[in-house]
Every structure is written in C-alpha cells, then in structure tokens.
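As the structure is a computational prediction, the values presented were derived from the model and not from experiment.
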Amino acid sequence: MPWMDMLIIALGLAMDAFAVAIATSIVLGGAVSGRHVFRLAFHFGLFQALMPILGWAAGTTVAAHIEAWDHWVAFGLLAVIGVRAIAGSLGGGSETRRPGDPTRGVSLVVLSVATSIDALAVGLSFAMLQVAIWTPVAGLGVGAAVMTMLGLALGSRLVPRFGKRMEAVGGLVLIAIGIKILIEHLA
C-alpha cells in the first residue's frame with residue numbers, strides 16, 4: 001500500500017480520537033497532566049492499532065456481522081459518556097467539584113473502543129485487499145496517539161477562555177461524534 005494512502009487513512013481514522021481528546025480535555029477542566037496525555041494517547045494509539053489487526057484476522061468471514069452493529073456500539077458508548085459529561089456540567093454545586101477522570105478505568109476503555117471501531121473495518125478491508133498488516137497498523141497507532149496529544153493540548157486551551165460550560169460542550173461533541181458515526185454507517 002502506498003505510504004500516502006496509508007497517511008490519509010491514518011489521519012481519517014485519527015480524527016475521532018482528536019475530537020474525543022478535545023472533549024476529554026474539556027471534561028478535565030483544562031487541567032491536563034502528563035499522565036492524562038500518556039494514558040489517553042497510549043490507549044487510543046494501542047486500540048487504533050489493535051482493532052485493524054482483529055479485523056484483518058477475522059477477514060471476510062465475519063465482516064457482514066460486524067458491519068451490522070459496530071456503528072450502534074460506537075454511538076452508544078460515546079452517547080453515554082457525553083450525557084455523563086453534560087449532567088456533570090449542569091449539576092449544581094461548587095466549582096471545586098471534579099468530574100470523573102475519563103482517562104482512567106472503564107471510561108478510558110469505552111472511549112478507546114468507541115474511537116477505534118472504524119479501524120476494525122479498515123482491518124477487514126486490508127484482509128480483503130491482501131495488504132500486509134504490520135506497517136499500516138503501526139502508522140495507525142502512531143497517528144492516533146499524535147492526534148490525541150494535539151486534541152488534549154487544544155482542549156486545555158479552550159477551557160480557560162470559556163469556563164465550566166465547556167464541559168457541556170465536550171459532552172455534546174462526544175454525542176455528535178456518535179451521531180456522525182451512526183449516520184455514516186446508516187446512509
């Protein structure tokens with residue numbers, strides 16, 4: 001596969017990770033630490049690399065079954081986390097209340113899966129086209145990690161300018177990404 005094609009695929013797949021990273025940074029109130037960056041970039045990159053391997057390994061045998069519901073899973077996962085972020089921003093209380101850290105635990109896994117489900121389909125495509133998998137998945141993983149770091153940096157710059165309302169905006173962005181994924185697959 002030509003490197004330019006691979007770069008375009010990697011950037012296209014990493015855009016969801018970029019947008020979710022911005023929203024995550026907003027949910028964190030702009031207080032993004034090195035640990036947050038490492039955890040989110042590592043996991044998004046790892047899942048973005050593992051999902052195509054799973055898709056490639058599955059080959060064409062399960063493609064029809066996965067395509068039937070993958071967009072619903074991604075939508076549901078992003079919607080749940082988005083609604084939680086919006087609810088957290090609307091909850092009355094003190095400014096010292098810290099929302100849950102989406103770069104830890106179940107939230108981290110859910111976000112990682114939701115942002116990399118499309119990569120599973122790419123892996124299936126690679127199997128159908130008989131593309132060697134190892135070099136492309138390395139590029140996909142690195143691309144997602146870099147875009148995640150850029151998204152976290154951008155999001156942390158938005159919070160000081162716009163305040164606590166950005167948490168609700170972050171939740172809306174997550175829900176919008178889920179809806180976009182749903183519409184793309186249903187259309």
*Asks:* Taking the side chain as everything from C-beta on, heavy atoms only, tell me whether W56 gets closer than 4.5 Å to V122.
*Replies:* no
*Asks:* Calculate, to the nearest 0.5 Å, the distance between atoms CE and CZ belonging to M149 and F38 respectively.
*Replies:* 10.5 Å
*Asks:* Which donor-acceptor pairs under 3.5 Å do side chains of residues 133-144 form with protein atoms, sequence neighbours excluded?
*Replies:*
none

*Asks:* Would you indicate whether the side-chain heavy atoms of L28 and P102 approach each other to under 4.5 Å?
*Replies:* yes
*Asks:* Taking all heavy atoms of A58 and all of L124, pick out the closest pair and write down the distance.
*Replies:* CB-CD2, 4.2 Å
*Asks:* Begin from the C-alpha positions of V110 and V80 and carry the test side chain to side chain contact (heavy atoms under 4.5 Å, CB included) through to its verdict.
*Replies:* CA-CA 10 Å; V110 167; V80 165; over 6 Å; no
*Asks:* Using 0.5 Å steps for rounding, measure from the CH2 atom of W72 to the CD1 atom of I117.
*Replies:* 13.5 Å
*Asks:* Report yes or no: does S107 contribute a side-chain atom to a donor-acceptor pair with the main-chain N or O of R104 at less than 3.5 Å?
*Replies:* no
*Asks:* Looking at side-chain heavy atoms only, is the closest gap between V37 and F42 below 4.5 Å?
*Replies:* no
*Asks:* Start with the C-alpha gap between I175 and I86, add the side-chain angles, then the distance that decides, and say whether side chain to side chain contact (heavy atoms under 4.5 Å, CB included) holds.
*Replies:* CA-CA 10 Å; I175 293 168; I86 292 168; 3.8 Å; yes
*Asks:* Evaluate side chain to side chain contact (heavy atoms under 4.5 Å, CB included) for T103 paired with H43, printing each intermediate quantity in order.
*Replies:* CA-CA 9 Å; T103 68; H43 283 86; over 6 Å; no
*Asks:* Please report the closest heavy-atom contact between M147 and F18, naming both atoms and the distance.
*Replies:* O-CD1, 3.2 Å
*Asks:* What's the spacing between M4 CE and I9 CD1 if we round to 0.5 Å?
*Replies:* 12.5 Å
*Asks:* Rounded to the nearest 0.5 Å, how far apart are CG of L152 and CZ of R157?
*Replies:* 11.5 Å
*Asks:* I need the full list of side-chain hydrogen bond (donor to acceptor under 3.5 Å, both in side chains) pairs touching residues 18-33, with sequence neighbours left out, sorted by first then second residue.
*Replies:* S33-H36
*Asks:* T115 vs F47, test: side chain to side chain contact (heavy atoms under 4.5 Å, CB included). Steps then yes/no.
*Replies:* CA-CA 8 Å; T115 59; F47 275 71; 5.9 Å; no
*Asks:* Looking at Q48 and A14, what are the two nearest heavy atoms and their distance?
*Replies:* NE2-N, 3.8 Å
*Asks:* Roughly how far, to the nearest 0.5 Å, is the CZ atom of F44 from the CG atom of L13?
*Replies:* 13.5 Å
